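Before any comments, here is the structure.
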Amino acid sequence: MQFTASTLLLAGATFLSTASAAGVFAINGTAQPGSHVTLTVLNGNVGDNPTCNGTAAIGDLPASGNITCNALYALSFIWDTQNDGISATYSTPSAAPFTYSVPPTSNDGTTYVFGFEDDFADAEASKQFTANPPKSAVEFRA
Ligand SMILES: *[C@@H]1O[C@H](CO)[C@@H](O)[C@H](O)[C@H]1NC(C)=O
Ligand SMILES: *[C@@H]1O[C@H](CO)[C@@H](O)[C@H](O)[C@H]1NC(C)=O
Ligand SMILES: *[C@@H]1O[C@H](CO)[C@@H](O)[C@H](O)[C@H]1NC(C)=O
């Protein structure tokens, strides 16, 4: 069989169709009642540094606090009940504060794990999340 240009183009198109996510919006964390909440926000291109990433000391539940972010970004949280998600209010230089319910994913009775992640084929789409909130994090606080 003779190799033709169209054979090579077909092989190339098949390879490109498996392209992975270019953008990501994720809020993930771990927490212990009476101790701390750690949250990380990925909001931009895959591989970018987090926009927010930090740990806040907390007392007994219900607890609230703020997490360190890059300049002009902000993240605060409310954790009412250990078996429920964390309510996380996030804002960016271009988006007003928006509150997400970050769902619980697992716990060992001491450490509680939370998180959602939405991947986007278009990196820009991951930065416009407030116009199209991730379906995995239904808003439950105004
Ligand atoms: C978040 O901060 C912690 C503590 O400083 C650090 O160990 C971790 O690598 C950071 N995470 C990311 C994704 O940069
Ligand atoms: C979080 O930040 C807000 C705004 O700066 C402040 O009013 C609030 O007291 C902070 N909360 C905690 C628990 O530090
Ligand atoms: C965030 O949590 C979700 C749900 O457990 C998980 O699928 C995703 O991989 C996590 N993302 C990161 C960056 O840890």
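Note that the structure is a prediction, hence the values are computed from the model and not measured. Indexing begins at 1, ligand by ligand and atom by atom, following the structure's order.
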- [ ] Measure the distance from atom 8 (C) of ligand 2 to every protein heavy atom, then report the residue, atom name and distance (to 0.1 Å) of the closest one.
- [x] Asn66 ND2, 3.8 Å
Open item on the list: Strictly less than 4.0 Å: does any protein heavy-atom distance to atom 5 (O) of ligand 3 fall in that range?
Closed with: yes
TODO: Within a distance under 4.0 Å of any heavy atom of Thr105, pick out the atoms of ligand 3 and give their elements.
DONE: 4 (C), 5 (O)
- [ ] Compute the centroid of each ring, for Phe25 and then for Tyr100, and state whether the two points are separated by less than 6.0 Å.
- [x] yes
Task: Shortest heavy-atom approach to atom 10 (C) of ligand 1 - which of Asn53, Asn28, Thr68, Thr55 - done: Asn53
TODO: Look at atom 13 (C) of ligand 1 and say which protein heavy atom is nearest, naming residue and atom and giving the distance to 0.1 Å.
DONE: Pro50 CG, 3.5 Å
Task: Protein contact for atom 2 (O) of ligand 1 (heavy atom, distance under 4.0 Å) - done: yes
- [ ] With rounding to the nearest 0.5 Å, note down the distance linking OG1 in Thr51 to OH in Tyr73.
- [x] 6.0 Å
- [ ] Return yes when atom CG of Asp108 has more than 12 non-hydrogen atoms of other residues, nucleotides or ligands closer than 6.0 Å, and no otherwise.
- [x] yes
TODO: Provide the number and element of each atom of ligand 3 under 4.0 Å from a heavy atom of Glu117.
DONE: 8 (C), 9 (O), 10 (C), 11 (N), 12 (C), 13 (C)
Open item on the list: Can you give me the closest heavy-atom contact between Val41 and Leu75, atom names plus distance?
Closed with: CG2-CD2, 3.7 Å
Task: Atoms of ligand 3, numbered as shown, that sit under 4.0 Å from any heavy atom of Leu42 - done: 13 (C)
Open item on the list: Distance check, rounded to the nearest 0.5 Å: Phe77 atom CZ versus Ile27 atom CD1?
Closed with: 12.5 Å
Task: Closest non-hydrogen atom pair, Gln32 against Thr111 - done: NE2-OG1, 2.8 Å
Open item on the list: Counting only heavy atoms closer than 4.0 Å, does ligand 3 sit against the backbone of Phe114, its side chain, both, or neither?
Closed with: neither
Task: Separation between OH of Tyr112 and OG1 of Thr30, rounded to the nearest 0.5 Å - done: 13.0 Å
Task: Atoms in ligand 2 flagged as close to Gly65, the criterion being non-hydrogen separation under 4.0 Å - done: 13 (C)
Task: Pair Ser76-Asn66, side-chain donor/acceptor within less than 3.5 Å - done: no
TODO: Classify the contact between Ser64 and ligand 2 as side chain, backbone, both or neither, using a heavy-atom distance cut-off of under 4.0 Å.
DONE: backbone
